[in-house]
*Asks:* 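Quick one: structure below, then a few questions.
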Amino acid sequence: QVQLVESGGGLVQAGDSLRLSCAASGRTFIIDTVGWFRQAPGKEREFVAGLSWRGGSTNYADSAKGRFTISRDNAKNTVYLQMNSLNPEDTAVYYCAARPTTMTGTQWPWWGQGTQVTVSS
């Protein structure tokens with residue numbers, strides 16, 4: 001029903017910035033919330049940041065506060081994750097996910113394919 005495609009990952013040095021994009025298509029009118037997640041090698045996937053598709057309210061994991069900013073361009077059906085002051089601990093595959101108003105908590109039915117972010121020291 002909703003398709004998500006991430007882009008913008010890459011190899012950067014510690015202290016650099018990256019902006020990830022998540023383009024949504026399909027039945028985007030049913031999206032309520034979009035989130036960014038990441039999974040580092042050998043670790044579980046973790047929440048990074050979330051955004052209300054309509055209202056624009058945001059929330060962040062402690063690891064992202066002050067360094068990452070989630071935003072949206074509704075005209076382009078795209079959500080961004082601006083990441084500043086990157087460090088090697090931010091190395092992971094980053095995924096965007098979305099859910100409709102009928103789902104909450106850990107329910108995220110739609111996922112992108114992920115984009116690799118590698119931060120060298």
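Bear in mind the structure is a predicted one, so any value in this text is a computation, not a measurement. FYI, side chains are in, hydrogens and waters are out, and symmetry mates aren't considered; it's all heavy atoms of this structure. By convention here, the first residue in the shown sequence is residue 1.
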*Asks:* Hey, could you give me each pair passing side-chain hydrogen bond (donor to acceptor under 3.5 Å, both in side chains) that has a residue in residues 44-54? Not counting sequence neighbours.
*Replies:* R38-E46

*Asks:* Excluding sequence neighbours, so at least two apart, what forms ring pair (Phe, Tyr, Trp, His ring centres under 6.0 Å) with F37?
*Replies:* F47, W108, W111

*Asks:* Do the non-hydrogen side-chain atoms of T115 and L20 ever get within less than 4.5 Å of each other?
*Replies:* yes

*Asks:* Treating Ile, Leu, Val, Met, Phe, Trp and Tyr as nodes and any side-chain heavy-atom pair under 4.5 angstrom as an edge, say whether V34 and I30 lie in one connected cluster.
*Replies:* yes

*Asks:* Can you find a heavy atom in the side chain of F29 that is under 4.5 Å from one in the side chain of V2?
*Replies:* no

*Asks:* Tabulate below the donor-acceptor pairs under 3.5 Å that side-chain atoms of residues 4-19 make, not counting sequence neighbours, or state none.
*Replies:*
residue, atom, partner, partner atom, Å
E6, OE1, Q113, N, 2.9
E6, OE1, G114, N, 2.8
E6, OE2, C96, N, 2.8
E6, OE2, G114, N, 3.3
D16, OD2, Q13, N, 3.1
S17, OG, N84, OD1, 2.9

*Asks:* Let me confirm one number: the OH-CH2 distance from Y94 to W36, rounded to the nearest 0.5 Å.
*Replies:* 10.0 Å

*Asks:* Quick one: are F68 and V48 in side-chain contact, heavy atoms under 4.5 Å?
*Replies:* yes

*Asks:* Is there a path of hydrophobic side-chain contacts, each under 4.5 Å between heavy atoms of I, L, V, M, F, W or Y residues, that connects I31 with L51?
*Replies:* yes

*Asks:* Give the minimum heavy-atom separation between R99 and T106, together with the two atoms involved.
*Replies:* NH1-N, 4.4 Å

*Asks:* Sequence neighbours left out, what passes salt bridge (Lys or Arg N to Asp or Glu O under 4.0 Å) with R27? Give chain and number order.
*Replies:* none

*Asks:* Does any part of the side chain of C22, heavy atoms only, come nearer than 4.5 Å to the side chain of Y80, both counted from C-beta?
*Replies:* no

*Asks:* Looking at T78 and A23, would you say the former's side chain and the latter's main chain have a donor-acceptor pair under 3.5 Å?
*Replies:* no

*Asks:* Can you name the nearest heavy-atom pair linking Y60 to A49, along with the distance?
*Replies:* CD2-CB, 3.6 Å

*Asks:* Sub-3.5 Å donor-acceptor pair from the side chain of T28 to the main-chain atoms of S25, do we have one?
*Replies:* no

*Asks:* Evaluate the side-chain proximity of V79 to I70: yes if any heavy-atom separation is below 4.5 Å, no if none is.
*Replies:* yes

*Asks:* Applying salt bridge (Lys or Arg N to Asp or Glu O under 4.0 Å), which residue pairs with at least one partner in residues 67-89 are found, sequence neighbours left out?
*Replies:* R67-D90

*Asks:* Excluding sequence neighbours, so at least two apart, what forms salt bridge (Lys or Arg N to Asp or Glu O under 4.0 Å) with K43?
*Replies:* none

